[in-house]
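Bear in mind the structure is a predicted one, so any value in this text is a computation, not a measurement.
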Amino acid sequence: ESLKADGQFGGSFRDFQDHVSMHRRQMAKDLSNYISRGAADVRRELLDKASLKFGILCLSKRCDSILMWGHYCDKHKGIVIGFDASNTAFQKLRPVDYVRERVVFDATWVETDPKIRVFNDQIIFSKNKDWAYEEELRQIFTLVSIKSKPLNDGSPGYFLSLSPDAVVSVTLGARCSEELVNKVRSALGQPRLSHVKLDHAVLHDSEFALTFS
(Lines give C-alpha, C1' and ligand atoms only; values in the text may rest on other atoms or scores of the structure.)
Protein backbone atom coordinates (compact mmCIF):
# COMPACT_ATOMS: atom_id res chain seq x y z
CA GLU A 1 0.00 0.00 0.00
CA SER A 2 1.04 3.61 -0.41
CA LEU A 3 1.24 6.42 2.08
CA LYS A 4 -2.17 7.59 3.23
CA ALA A 5 -3.32 11.22 3.06
CA ASP A 6 -2.68 11.73 6.79
CA GLY A 7 0.95 10.70 6.42
CA GLN A 8 0.57 7.21 7.98
CA PHE A 9 1.86 4.13 6.12
CA GLY A 10 -0.68 1.36 5.74
CA GLY A 11 1.52 -1.54 4.62
CA SER A 12 3.94 -3.94 6.27
CA PHE A 13 7.43 -3.00 7.47
CA ARG A 14 8.82 -4.74 4.38
CA ASP A 15 6.57 -2.61 2.18
CA PHE A 16 7.78 0.46 4.05
CA GLN A 17 11.42 -0.49 3.42
CA ASP A 18 10.70 -0.98 -0.28
CA HIS A 19 8.90 2.37 -0.42
CA VAL A 20 11.81 4.17 1.25
CA SER A 21 14.32 2.44 -1.04
CA MET A 22 12.37 3.49 -4.10
CA HIS A 23 11.81 7.11 -3.07
CA ARG A 24 14.82 7.80 -0.83
CA ARG A 25 16.27 10.53 -3.06
CA GLN A 26 13.04 12.51 -3.15
CA MET A 27 12.46 11.94 0.56
CA ALA A 28 15.98 13.17 1.37
CA LYS A 29 15.39 16.24 -0.79
CA ASP A 30 12.04 16.94 0.89
CA LEU A 31 13.56 16.50 4.35
CA SER A 32 16.44 18.84 3.48
CA ASN A 33 13.99 21.49 2.28
CA TYR A 34 11.93 21.10 5.43
CA ILE A 35 14.96 21.50 7.68
CA SER A 36 16.14 24.55 5.70
CA ARG A 37 12.73 26.21 6.03
CA GLY A 38 12.68 25.39 9.74
CA ALA A 39 16.13 26.90 10.27
CA ALA A 40 15.11 30.07 8.42
CA ASP A 41 12.02 30.36 10.62
CA VAL A 42 14.15 29.99 13.75
CA ARG A 43 16.58 32.66 12.55
CA ARG A 44 13.73 35.09 11.86
CA GLU A 45 12.18 34.39 15.25
CA LEU A 46 15.47 34.99 17.06
CA LEU A 47 16.04 38.23 15.12
CA ASP A 48 12.51 39.47 15.84
CA LYS A 49 12.88 38.77 19.57
CA ALA A 50 16.32 40.39 19.76
CA SER A 51 15.11 43.46 17.83
CA LEU A 52 12.44 44.11 20.46
CA LYS A 53 15.10 44.40 23.18
CA PHE A 54 18.29 45.62 21.54
CA GLY A 55 19.40 48.27 19.07
CA ILE A 56 22.73 48.72 17.32
CA LEU A 57 24.42 52.05 16.61
CA CYS A 58 26.45 51.82 13.38
CA LEU A 59 29.14 54.40 12.57
CA SER A 60 32.17 54.56 10.28
CA LYS A 61 35.79 55.61 10.64
CA ARG A 62 35.74 57.37 7.27
CA CYS A 63 33.81 60.11 5.46
CA ASP A 64 35.52 60.08 2.05
CA SER A 65 33.98 57.01 0.39
CA ILE A 66 32.08 57.89 -2.79
CA LEU A 67 30.22 54.59 -2.53
CA MET A 68 29.09 55.23 1.06
CA TRP A 69 27.96 58.75 0.20
CA GLY A 70 25.82 57.16 -2.51
CA HIS A 71 24.40 54.48 -0.21
CA TYR A 72 23.77 56.40 2.98
CA CYS A 73 23.64 60.10 2.14
CA ASP A 74 20.85 60.37 -0.43
CA LYS A 75 23.26 60.03 -3.38
CA HIS A 76 25.61 62.78 -2.18
CA LYS A 77 22.73 65.17 -1.39
CA GLY A 78 22.87 64.61 2.38
CA ILE A 79 25.39 65.29 5.12
CA VAL A 80 27.88 63.42 7.29
CA ILE A 81 28.16 64.25 10.98
CA GLY A 82 31.51 63.68 12.70
CA PHE A 83 31.60 62.74 16.38
CA ASP A 84 34.25 62.91 19.08
CA ALA A 85 35.22 59.26 19.61
CA SER A 86 36.37 60.01 23.17
CA ASN A 87 32.88 61.15 24.21
CA THR A 88 31.38 59.02 26.98
CA ALA A 89 28.45 58.06 24.73
CA PHE A 90 30.79 56.05 22.49
CA GLN A 91 32.95 54.24 25.02
CA LYS A 92 31.67 50.81 23.98
CA LEU A 93 32.11 51.25 20.24
CA ARG A 94 33.89 48.32 18.64
CA PRO A 95 35.18 47.73 15.11
CA VAL A 96 33.36 45.16 12.99
CA ASP A 97 35.15 41.93 12.05
CA TYR A 98 34.92 41.31 8.30
CA VAL A 99 34.71 37.59 7.56
CA ARG A 100 34.14 35.18 4.67
CA GLU A 101 31.89 32.68 6.44
CA ARG A 102 28.63 33.08 8.32
CA VAL A 103 28.60 32.72 12.09
CA VAL A 104 27.22 29.26 12.90
CA PHE A 105 24.70 28.51 15.66
CA ASP A 106 24.64 25.02 17.18
CA ALA A 107 21.08 24.02 18.09
CA THR A 108 22.40 21.54 20.68
CA TRP A 109 23.73 24.32 22.94
CA VAL A 110 21.85 24.78 26.21
CA GLU A 111 20.96 28.30 27.40
CA THR A 112 23.77 28.33 29.98
CA ASP A 113 26.45 27.29 27.49
CA PRO A 114 29.14 30.05 27.32
CA LYS A 115 29.40 29.39 23.59
CA ILE A 116 26.05 31.16 23.16
CA ARG A 117 27.53 34.39 24.54
CA VAL A 118 30.42 34.07 22.09
CA PHE A 119 27.93 33.44 19.27
CA ASN A 120 25.86 36.51 20.22
CA ASP A 121 28.98 38.65 20.23
CA GLN A 122 30.14 37.34 16.85
CA ILE A 123 26.74 37.71 15.20
CA ILE A 124 26.60 41.40 16.19
CA PHE A 125 30.16 42.31 15.29
CA SER A 126 30.68 40.24 12.12
CA LYS A 127 29.98 41.26 8.54
CA ASN A 128 30.69 40.05 5.02
CA LYS A 129 34.28 40.83 4.01
CA ASP A 130 33.04 42.62 0.87
CA TRP A 131 31.94 45.50 3.13
CA ALA A 132 35.37 46.00 4.71
CA TYR A 133 35.84 49.36 2.96
CA GLU A 134 33.21 50.84 5.31
CA GLU A 135 35.47 50.46 8.39
CA GLU A 136 32.32 50.15 10.49
CA LEU A 137 32.05 50.60 14.24
CA ARG A 138 29.12 49.25 16.25
CA GLN A 139 27.71 49.67 19.73
CA ILE A 140 24.78 47.75 21.19
CA PHE A 141 22.09 49.31 23.40
CA THR A 142 19.11 48.01 25.33
CA LEU A 143 16.16 49.90 23.87
CA VAL A 144 14.60 50.62 27.28
CA SER A 145 17.71 52.66 28.18
CA ILE A 146 17.31 55.26 25.39
CA LYS A 147 14.64 57.71 24.30
CA SER A 148 11.94 56.63 21.88
CA LYS A 149 9.30 58.44 19.83
CA PRO A 150 7.28 57.54 16.73
CA LEU A 151 8.74 58.14 13.30
CA ASN A 152 6.72 59.65 10.45
CA ASP A 153 5.43 56.23 9.40
CA GLY A 154 4.33 55.44 12.95
CA SER A 155 7.07 52.90 13.67
CA PRO A 156 9.12 53.40 16.86
CA GLY A 157 12.34 55.40 16.61
CA TYR A 158 15.09 55.26 19.24
CA PHE A 159 17.42 58.19 19.88
CA LEU A 160 20.71 58.52 21.74
CA SER A 161 21.06 61.76 23.69
CA LEU A 162 24.32 63.58 22.94
CA SER A 163 25.85 66.72 24.37
CA PRO A 164 26.85 69.44 21.83
CA ASP A 165 30.55 68.76 22.41
CA ALA A 166 30.06 65.25 21.01
CA VAL A 167 29.69 66.78 17.52
CA VAL A 168 32.96 67.93 15.96
CA SER A 169 32.19 68.31 12.24
CA VAL A 170 29.51 68.43 9.57
CA THR A 171 30.31 67.66 5.94
CA LEU A 172 27.91 68.75 3.19
CA GLY A 173 27.45 66.39 0.24
CA ALA A 174 28.78 67.26 -3.20
CA ARG A 175 25.18 67.53 -4.49
CA CYS A 176 23.75 69.14 -1.37
CA SER A 177 20.93 71.63 -2.04
CA GLU A 178 21.24 75.31 -1.17
CA GLU A 179 18.25 74.90 1.15
CA LEU A 180 20.02 72.23 3.20
CA VAL A 181 23.25 74.24 3.22
CA ASN A 182 21.37 77.19 4.74
CA LYS A 183 19.67 74.96 7.33
CA VAL A 184 23.00 73.48 8.43
CA ARG A 185 24.67 76.90 8.61
CA SER A 186 21.76 78.20 10.69
CA ALA A 187 21.97 75.26 13.11
CA LEU A 188 25.72 75.62 13.51
CA GLY A 189 25.27 79.35 14.16
CA GLN A 190 24.07 78.53 17.68
CA PRO A 191 26.69 79.34 20.36
CA ARG A 192 26.71 75.77 21.69
CA LEU A 193 27.70 74.49 18.22
CA SER A 194 30.14 77.23 17.25
CA HIS A 195 33.07 74.81 17.67
CA VAL A 196 31.81 72.47 14.91
CA LYS A 197 33.89 72.39 11.72
CA LEU A 198 31.85 72.76 8.51
CA ASP A 199 33.16 71.61 5.15
CA HIS A 200 31.79 70.67 1.74
CA ALA A 201 32.60 67.51 -0.23
CA VAL A 202 33.67 68.15 -3.83
CA LEU A 203 34.20 65.59 -6.59
CA HIS A 204 37.86 65.46 -7.63
CA ASP A 205 38.58 66.85 -11.09
CA SER A 206 40.49 63.81 -12.40
CA GLU A 207 40.12 61.01 -9.85
CA PHE A 208 37.19 59.01 -8.52
CA ALA A 209 37.62 60.66 -5.15
CA LEU A 210 36.34 63.43 -2.92
CA THR A 211 38.13 66.54 -1.72
CA PHE A 212 36.85 68.81 1.05
CA SER A 213 36.69 72.60 1.16
Less than 3.5 Å apart, which donor and acceptor atoms pair up between the side chains of residues 53-65 and the rest of the protein, not counting sequence neighbours?
residue	atom	partner	partner atom	Å
S60	OG	R62	N	3.1
S60	OG	R62	O	3.3
S60	OG	E134	O	2.7
R62	NE	D64	OD1	3.0
R62	NH1	Y133	O	3.0
R62	NH2	D64	OD1	3.2
S65	OG	L67	N	3.4
S65	OG	M68	N	3.1

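- Every residue meeting the side chain to side chain donor-acceptor pair (under 3.5 Å) condition with D153, not counting sequence neighbours, appears here in chain and number order: S155.
- Hydrophobic clustering, with ILVMFWY side chains joined whenever heavy atoms are under 4.5 angstrom apart, groups L203 together with F212.
- For the side-chain contact (heavy atoms from CB on, under 4.5 Å) test, residues two or more places apart in sequence or in another chain that qualify with T211 are V202, H204.
- C176 approaches G78 most closely through the heavy-atom pair SG-O, 4.3 Å.
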Cut-off 3.5 Å, no hydrogens considered: what does the side-chain donor-acceptor table look like for residues 185-193, sequence neighbours left out?
residue	atom	partner	partner atom	Å
Q190	OE1	R192	NE	3.3
Q190	NE2	A187	O	3.3

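- When the salt bridge (charged side-chain N to carboxylate O under 4.0 Å, His left out) test is applied to D84, no partner is found at least two apart in sequence or on another chain.
- Checked against side-chain contact (heavy atoms from CB on, under 4.5 Å), C73 has the following partners two or more places apart in sequence or in another chain: W69, V80.
- Taking Ile, Leu, Val, Met, Phe, Trp and Tyr as members and joining any whose side-chain heavy atoms lie under 4.5 Å apart, directly or through other members, V168 forms no hydrophobic cluster with any other residue.
- Remark: K149 is positioned above the aromatic ring of F159, its terminal NZ or CZ atom under 6.0 angstrom from the ring centre and at most 45 degrees off the axis.
- Follow the hydrophobic side-chain contacts under 4.5 Å out from V184 and you reach F83 in the same cluster.
- L137 and F125 are assigned to two separate hydrophobic clusters, defined by single-linkage of ILVMFWY side chains at heavy-atom distances under 4.5 Å.
- Under the 4.5 Å side-chain heavy-atom criterion for Ile, Leu, Val, Met, Phe, Trp and Tyr, L210 and V170 are members of distinct hydrophobic clusters.
- Taking W109 as the reference, F105 meet the ring-ring contact (aromatic ring centres under 6.0 Å, His included) condition, with sequence neighbours excluded.
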When the side chains of residues 89-98 are checked against the rest of the protein, which donor-acceptor pairs come out under 3.5 Å, sequence neighbours left out?
residue	atom	partner	partner atom	Å
Q91	NE2	S86	O	3.0
Q91	NE2	N87	O	2.8
R94	NH1	D121	OD1	2.7
R94	NH2	D121	OD2	3.2
Y98	OH	E136	N	2.9

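- Take V110 and apply the side-chain contact (heavy atoms from CB on, under 4.5 Å) test, not counting sequence neighbours, and it matches T112, D113.
- Hydrophobic clustering (ILVMFWY, side-chain heavy atoms < 4.5 Å, transitive): I140 and L162 are in distinct clusters.
- By the 6.0 Å contact criterion, CZ on F208 is open, its count of non-hydrogen atoms from other residues, nucleotides or ligands being 12 or less.
- Residues in residues 167-179 take part in these side chain to side chain donor-acceptor pair (under 3.5 Å) pairs, two or more places apart or across chains: T171-D199.
- A donor-acceptor contact shorter than 3.5 Å links the side chain of S145 to the backbone of T142.
- Between I79 and I81 there is a side-chain heavy-atom pair separated by less than 4.5 Å.
- For the pair H76 (side chain) and A201 (backbone), a donor-acceptor distance under 3.5 Å is absent.
- For D130, the side-chain contact (heavy atoms from CB on, under 4.5 Å) criterion is met by R100, N128, not counting sequence neighbours.
- Contact annotation: the side chain of S213 approaches that of H200 to within less than 4.5 Å [non-hydrogen atoms, C-beta and beyond].
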